[in-house]
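To find a chain, count down the sequence lines: A is the first, B the second, and so on, and within it residues start at 1.
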Number of protein chains: 2
Amino acid sequence: MTASSEQKLGATDIAALLRREISKGILHLHDRLPPERVLAETYGAARGTVRKALNLLESEGFVEIRPGSGTYVVHMPADTSSDAVENATPLELMDTRFALEPHICRLSVLHGRRTDFDAMESLCARMETLLDDPVAFSEVDSEFHRALANSTRNGLLIWIIDQIGHVRSQDDWTRMRHLTLDAMTIKQYNAQHRQILNAIRTREPERAANIMKEHLETARLSLTRAAET
Amino acid sequence: MTASSEQKLGATDIAALLRREISKGILHLHDRLPPERVLAETYGAARGTVRKALNLLESEGFVEIRPGSGTYVVHMPADTSSDAVENATPLELMDTRFALEPHICRLSVLHGRRTDFDAMESLCARMETLLDDPVAFSEVDSEFHRALANSTRNGLLIWIIDQIGHVRSQDDWTRMRHLTLDAMTIKQYNAQHRQILNAIRTREPERAANIMKEHLETARLSLTRAAET
DNA sequence: CATTTTTGGTTTATTTTTGGTCCATTTGAG
DNA sequence: CTCAAATGGACCAAAAATAAACCAAAAATG
């Protein structure tokens, strides 16, 4: 949201942008950042503002300011676990989902209960009303896959899918793709969701898993197509 | 509920939307949200309404309002990691590995490099000297599966396997089982590890995946057997 | 080595932005 | 109708951002 539209950037905004570039590895260890005066121009801000941002980053230990010399990336503080989640690429995400979700279908057949399936059913219904609202559709889509994981009654798997959900919502590429979803693609997704749910309800684990693979393959295609645009 | 496009949004609705964006991580910690006047326009509401929503969020601890400066996100999206990971049962763990590791074998064939396979090879060699030391064997076994994940070059998957590794080491049941590993079972594991590595080296993804499934099935049996004791 | 340029550090006066507040009016559900 | 919520506008004070000038030290130059 902060960076969503091109508004005037404040000190904290600039700090956030730089912080992100550092932890994403765009700015490497021991790299020198551009001079304050240059940063000021590139961000369209006054030098004093950039300066405030840099002092923030220094106090956080991201950066070291050497008077007369420059400002240097000194360390990315242990962001520990979530680092991998935040930096995951869309392709990594797809491969991971390919690993997990077909088997989740099988486990859903084994452990899922009526109420789980009913919840998924209502999510399907909601998605079918959203042919023209890609953003809302994507959100409900995430909820559907979450509900599917939930039906395995496997806390570990549910947690992993949740973590993955954070990637999906954070990733710019994915978010952009959501905006380019057309009605036809959404229709196809909806059909696949229905088929998966039906296969699970009729206790056909392998069929459900296979449709899920198709579904993910469809999504992967849409992803690479969006990437080429 | 959450209107897809055009619905009159009340203060509680706006609060809900923002709350969601915060816990989803779209709005990061320390991010400044847009000024009230801008939010008012983007949500199609009056400033007073947005203001009410923000005060709600502040009282909930999601956000900090600094007069003259802006409104800032102050909320660590629940680190549920310890919960789900620590409370996972051995059976949940096995199901999760069943989902992940066969596909990891396929990805290893696609993305793995010589050095990755050499590392796994040396781990195999070490395991083969540990027929009589179940504890040491289990540690190296974990390393092997970690190295296998590593060969996918997929940071997200590697991270997930790491998390799962924490379960394996923390779980009492699993640890006890390790103590009851006999030389014959270890020998069988070693053979399977070798077969998996060879299948990957010869670029046979499905064969590698299938042997991994066998391997996990073996482990699952050993688990249930230990449980009956 | 001496000199020039670059870079961060500091100060100041001024303008813009931002949340805080109040109030008369409109809207919408019970 | 009634009442609570939302609206839209105006104004305030604090905070932040700006713009311009000058300083000192590091780095680059010759």
*Asks:* OP1 or OP2 of C:dG8 less than 4.0 angstrom from a side-chain nitrogen or oxygen of A:T71, does that happen here?
*Replies:* yes
*Asks:* What are the residues of residues 62-69 of chain B, sorted by number, that bring a heavy atom to within less than 4.0 Å of DNA chain C?
*Replies:*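 Going residue by residue through residues 62-69 of chain B, the ones with a heavy atom under 4.0 Å of DNA chain C turn out to be B:I65, B:R66, B:P67, B:G68, B:S69.
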*Asks:* With no hydrogens and no angle check, do the side chains of A:E64 and A:T71 hold a donor and an acceptor under 3.5 Å apart?
*Replies:*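 Judged by distance alone, the side chains do not pair up.
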*Asks:* Taking atom CZ of A:R113 as the centre, report whether more than 12 heavy atoms of other residues, nucleotides or ligands fall under 6.0 Å from it.
*Replies:*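 Check fails, neighbour count at 12 or below.
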*Asks:* So does B:K52 get a side-chain nitrogen or oxygen closer than 4.0 Å to the phosphate oxygens (OP1/OP2) of D:dA6?
*Replies:* yes
*Asks:* State, to the nearest 10°, the angle formed by the axis through the first five base pairs of the helix from C:dC1-D:dG30 to C:dG30-D:dC1 and the axis through its last five.
*Replies:* 50°
*Asks:* Indicate whether the side chain of B:N150 and that of B:R146 have a donor and an acceptor atom separated by less than 3.5 Å.
*Replies:*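 A pair is found: one side chain offers a donor N or O, the other an acceptor, under 3.5 Å apart.
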*Asks:* Using modelled atom types only, decide if a donor and an acceptor are shared between the side chain of B:E101 and the backbone of B:F98 within a distance under 3.5 Å.
*Replies:* no
*Asks:* Taking the side chain as every heavy atom from C-beta outward, state whether A:E121 and A:R201 have any pair of such atoms under 4.5 Å apart.
*Replies:*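 SC-SC contact between A:E121 and A:R201 confirmed.
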*Asks:* Could you please spell out the steps behind the side chain to side chain contact (heavy atoms under 4.5 Å, CB included) verdict for A:T202 and A:N198?
*Replies:* CA-CA 6 Å; A:T202 55; A:N198 287 338; 5.5 Å; no
*Asks:* I'd like to know whether the aromatic ring centres of A:H193 and A:F144 sit less than 6.0 Å apart in this structure.
*Replies:*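 Centroid distance A:H193-A:F144: below 6.0 Å, so yes.
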*Asks:* Main chain of B:V73, side chain of B:D31: is a donor-acceptor contact present, judged purely on distance under 3.5 Å?
*Replies:* no
*Asks:* Would you kindly compare A:Y72 and A:A11 by the position of their nearest DNA chain D nucleotide and give the one closer to the 5′ end?
*Replies:* A:A11
*Asks:* Do A:D182 and A:T185 have side-chain atoms, one donor and one acceptor, less than 3.5 Å apart?
*Replies:* yes
*Asks:* Give me the residues of residues 36-49 of chain A where at least one heavy atom lies under 4.0 Å from an atom of DNA chain C, by number, or none.
*Replies:*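 Residues of residues 36-49 of chain A under 4.0 Å from DNA chain C: A:E36, A:R37, A:R47.
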*Asks:* Measure the distance from CG on A:L54 to P on C:dT10 and round it to the nearest whole Å.
*Replies:*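 After rounding, the gap between these two atoms is 14 Å.
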*Asks:* Can you check the B:L56 CG to D:dA5 C1' distance for me, whole Å?
*Replies:* 13 Å
*Asks:* Determine whether A:L27 and A:F62 make a side-chain contact, defined as any pair of heavy atoms from C-beta on separated by less than 4.5 Å.
*Replies:*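 A:L27 vs A:F62: side chains apart.
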